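The block underneath contains the structure these notes are about, expressed in C-alpha cells.
Hydrogens, waters and symmetry mates play no part in the numbers below; they use all other heavy atoms, side chains included. Just so we're clear, the structure is a prediction, and the values are computed from it rather than from any experiment.
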Amino acid sequence: MKINKKRFAIAILLIAILVLTGCTANQKAIFDASMKMQKVNSIQQHMTLSMELKGTGLDPMIQEQVDQVAAMLNDTKIELNLKTKTNEKQTMVQSQADMNFSMPGLEMKMPLWIDMDLTGDQPKFLEIIQMPLMAKASLPPEYMSKEYMVMDLANTSSSELAPMDMTKLMDFSVNFQTKWTDFLMSYADRFNPGLEVVSVPVQDPSIQKYAIHLDDKAFKALLSYTVNNFAQDKEAQGFLNDYFQAVLDLSGGASSFEGALDAEEMFGDSESSAEALSQFNAILDSLQDVTLVGESGIQLTYTISDGYITQTEGSFDLQIDLAQMAGLLNIPSEDEELTEISGVLNFLISYKEENSNINQPLDIQIPELSTENSFDYFEFMEASLSALEKVGVGVEEVIQEPAPEPGPEPVPPAASSSEESVAAASAPTDYTVQPGDTLATIALNHYGSYEQHAGIYQANLAAFKKNGNRLDAGMVLTLPAEGLLAPLPAENVKQVYTVKAGDTLGSIAKQIYGDSSLYTKIYEANQERLKSPNLIFEGQKLIIPN
C-alpha cells in the first residue's frame with residue numbers, strides 16, 4: 001500500500017482551511033462542532049454535488065468546444081446517501097452508501113458497503129460494491145452475472161496489502177484518532193488567519209448558522225497564511241513525522257514509500273524544507289495578478305444544532321483568465337501561427353450536506369455474499385494479469401499502446417423495403433464477432449445501450465461455456481429480438497464511423513464536414529441510437545449522412 005506523503009500533507013492543509021478557523025467566538029463555534037462530529041457513533045448523511053462550466057470571450061472554435069462540454073456537465077448531478085454506525089473505539093464500523101450519478105442520457109447507481117470488525121482474532125475488513133450495469137458490461141463474460149465486487153482487505157494475497165498486520169491496524173485506528181483530535185485542539189490555538197465568520201440570523205434560537213465568504217484576494221491570503229503557519233509549526237512537524245512513521249510500520253517497510261518525501265523534508269528546519277517553502281511563496285507571489293477565484297468567490301455556510309453540524313453548503317467559483325495565464329507562462333500572443341489568447345473560463349462547484357439521526361439507531365443491511373453472486377477484486381485482478389502474461393502481453397502494453405486508428409467502414413447493405421427493416425429488428429439475428437468487439441460494444445451498437453449485454457450473454461451461454469467463457473473474433477452470436485435495432489440504413493450515408501476515445505459529435509463533424517456546427521446533422525441521423533447529442537461512447541458506430 002503506497003502512501004503519498006505530499007497528498008496527505010495537502011489534505012491536512014485543506015482541513016486547516018475549512019475547519020481550523022482561529023479563535024474568535026464564531027470561528028470557535030464551528031471548530032468545536034467539527035470536533036464533536038468526530039465522536040459520533042452513528043449518522044445519516046445526504047450529499048449533493050453539481051457543476052457549472054461557462055466560457056466567455058473565447059475564440060469561436062474553443063467556445064464551441066466549451067459549450068459542448070458545458071451542455072453535458074451543467075446537467076450532471078451527483079447524489080450520495082450515507083449511513084454509518086460504529087462502536088466507541090471505532091474498531092467496528094458498518095456503512096452503507098447509495099451513490100447516484102446522472103447526466104444527459106445516462107444515469108448510474110452504485111450502492112456500496114463497508115463492514116469492518118477489528119476486535120476479534122479473525123479481523124474483518126470488507127468493501128462491497130454493487131456493480132452498475134455499465135461496469136458489468138465491460139467485464140469478462142464469466143463475471144458479468146455477478147452482482148457484487150468484494151475487496152477483502154483482511155484476507156488477501158495482494159503483495160501490497162499482505163504485510164499489513166490487522167492488530168496493528170486496529171491500534172493505529174484507535175490511537176491515531178485520539179492523537180489527531182489532540183493535535184487539532186492544540187494547533188487551533190495557534191492558528192488565527194483573521195478569517196471573517198459571519199453569524200447568520202435564524203428564527204430558531206436553538207440553531208446557529210455561520211457564513212464564510214472569500215474573494216480571490218482573501219483566498220490567496222488564507223492559503224499563504226495556512227501553508228506558512230503549518231510548515232513552521234514544531235508540533236505540526238512532529239505530528240506528521242509520527243503519522244508517517246506509524247503508517248510505515250503498519251505497511252511493513254520502507255519499500256511502501258517509494259518516491260515519497262519525509263515530513264522533515266517538507267516541513268522541517270532543513271535547508272530543502274526552507275527552499276521548498278520559499279518556492280511555494282514565489283509561486284504564490286507570481287499568481288497575485290492572476291485571478292483564481294471568480295466574482296461569486298468561495299462561499300461556505302455551517303448550520304449547528306445541539307453542538308453538531310447538521311448542514312453545510314458551499315460553492316467554489318474557480319476562474320481561468322486565458323490572457324493572464326498566457327502572460328504568466330510567457331506564451332507569445334503575437335506569434336503569426338497563434339491567434340490572440342483571450343477569454344475566461346468559470347467552473348462553479350456547488351455542494352450541500354445534511355446530517356441527521358446523529359447517535360440514533362440505524363439499520364444497515366450488509367448483502368449476503370456467495371460465489372454465485374460475487375467475485376473478489378484481488379482474485380479478478382490476478383486472474384486478468386495471469387491471462388495477459390500467458391498471451392505475452394505486459395500491463396504496460398495494455399495501458400500505453402494506442403488502439404489502431406479506425407478507417408471508413410463499408411456501409412451495410414440496404415434493406416429492400418421498410419417492412420424488411422422492421423422485420424429484421426423484431427426477430428433474433430446472428431452476428432459474427434469482429435476483432436476488438438466486447439459484449440458492451442455489441443450491445444451498444446445493436447440495442448442502443450449497454451444494458452442488453454447480459455441478455456446477449458444468456459442467449460449464447462452454451463457457446464460461451466464451450467469457448468471457455470471467452471469472446472473471440474469469429475464467434476457467431478444470436479442477438480435476442482427484444483429491443484434489437486433495425487440495421488443501419490444505406491441511403492444518404494457517407495460512411496459508418498466508429499467513435500474513438502475523446503470524440504464528440506462536434507469533433508467528428510469538424511473532421512468529416514469541416515464544420516463542427518453540423519454535429520446536429522449526425523445526431524438527427526442517429527437519434528434511434530443516441531440518447532443525447534452530448535453522450536457518445538468509444539466503439540459506437542454512427543451513421544455519417546451525405
Side-chain angles (χ1 to χ4, degrees), residues 43-54 65-84 95-115 126-139 143-151 311-318 345-356 364-367 373-375 377 380 438-441 443-444 447-455 483 499 501-505 523 529-540:
I43 189 171
Q44 191 164 348
Q45 297 170 289
H46 177 248
M47 290 165 274
T48 56
L49 178 72
S50 61
M51 296 163 284
E52 182 180 347
L53 176 66
K54 181 174 64 175
Q65 295 173 344
V66 170
D67 289 344
Q68 289 183 11
V69 174
M72 177 175 60
L73 192 65
N74 294 355
D75 287 327
T76 296
K77 298 288 185 296
I78 300 174
E79 183 177 12
L80 180 66
N81 291 291
L82 177 65
K83 293 190 292 185
T84 303
S95 185
Q96 177 179 342
D98 296 312
M99 187 181 78
N100 298 324
F101 175 87
S102 63
M103 61 190 300
L106 175 67
E107 185 167 349
M108 183 173 68
K109 297 183 178 181
M110 191 173 72
L112 58 92
W113 297 262
I114 292 177
D115 190 9
L126 296 179
E127 293 185 16
I128 305 167
I129 300 174
Q130 186 171 349
M131 297 293 289
L133 282 172
M134 182 178 294
K136 290 172 67 176
S138 63
L139 293 174
Y143 294 97
M144 296 179 74
S145 62
K146 310 288 188 180
E147 190 76 9
Y148 305 104
M149 180 177 73
V150 181
M151 299 178 69
Q311 182 175 294
T312 61
E313 288 185 82
S315 62
F316 302 81
D317 183 6
L318 309 178
L345 289 173
N346 282 87
F347 185 47
L348 182 67
I349 304 172
S350 302
Y351 77 94
K352 183 175 182 179
E353 176 184 316
E354 296 174 312
N355 301 323
S356 60
I364 296 177
Q365 299 292 330
I366 304 295
N373 70 1
S374 65
F375 66 92
Y377 167 79
F380 164 70
T438 67
L439 283 182
T441 58
L444 187 65
Y447 298 91
S449 76
Y450 290 114
E451 297 179 4
Q452 190 60 26
H453 71 274
V499 176
D503 276 345
T504 65
L505 288 188
Y523 175 62
R529 287 169 165 77
L530 298 180
K531 295 181 178 181
S532 164
N534 302 306
L535 194 65
I536 58 177
F537 300 93
E538 184 178 4
Q540 193 169 23

Does Asp503 reach the main-chain N or O of Glu538 with its side chain, forming a donor-acceptor pair under 3.5 Å? no
d(Tyr143 OH, Met131 CE) to nearest 0.5 Å is 11.5 Å
Taking all non-hydrogen atoms of both residues, which atom of Thr48 and which atom of Glu79 are closest, and how far apart? CG2-CG, 4.1 Å
Does any part of the side chain of Gln311, heavy atoms only, come nearer than 4.5 Å to the side chain of Asn355, both counted from C-beta? no
Side-chain H-bond candidate by donor/acceptor type, Gln365 with Gln96, under 3.5 Å: no
Gap between atom CG of Asp115 and atom CD1 of Ile366 - 0.5 Å precision: 4.5 Å
Test item: Thr76 and Met51 side chains (from C-beta on) under 4.5 Å apart, heavy atoms: yes
What are the two closest heavy atoms between Met108 and Pro132, and how far apart are they? CG-CB, 3.6 Å
Tell me whether Lys77 at atom NZ has more than 12 heavy atoms from other residues, nucleotides or ligands lying less than 6.0 Å away. yes
How many angstroms lie between NZ in Lys109 and CD in Gln130, if you round to the nearest 0.5 Å? 10.5 Å
In terms of heavy-atom contacts, Lys83 and Ile364 come closest through O-CD1, 3.6 Å
Minimal non-hydrogen separation, Thr84 against Ser95, with atom names: OG1-OG, 3.1 Å
Of all residues at least two apart in sequence or in a different chain, which pass the side-chain contact (heavy atoms from CB on, under 4.5 Å) check with Lys54? Thr56
Applying side-chain contact (heavy atoms from CB on, under 4.5 Å) to Leu348 and not counting sequence neighbours gives Glu52, Ser315, Asp317, Ser350
Could you list the residues that satisfy side-chain contact (heavy atoms from CB on, under 4.5 Å) with Ser356, not counting sequence neighbours? Gln44
Could you grab the distance from atom CG of Leu444 to atom CZ of Phe537, nearest 0.5 Å is fine? 6.5 Å
Shortest non-hydrogen pair, Ala443 vs Gln452, comes out as CB-C, 4.1 Å
Is there side-chain contact between Leu49 and Leu80, with at least one heavy-atom pair below 4.5 Å? no
Would you indicate whether Tyr523, at its atom OH, is surrounded by more than 12 heavy atoms from other residues, nucleotides or ligands within a distance under 6.0 Å? yes
Minimal non-hydrogen separation, Asp98 against Pro111, with atom names: OD1-CB, 3.4 Å
So CD1 of Ile129 and CD of Glu147: to nearest 0.5 Å the spacing works out to 13.0 Å
Compare all side-chain heavy atoms of Trp113 with those of Pro367 and state whether any distance is below 4.5 angstrom. yes
Are any non-hydrogen side-chain atoms of Leu82 and Met47 less than 4.5 angstrom apart? yes
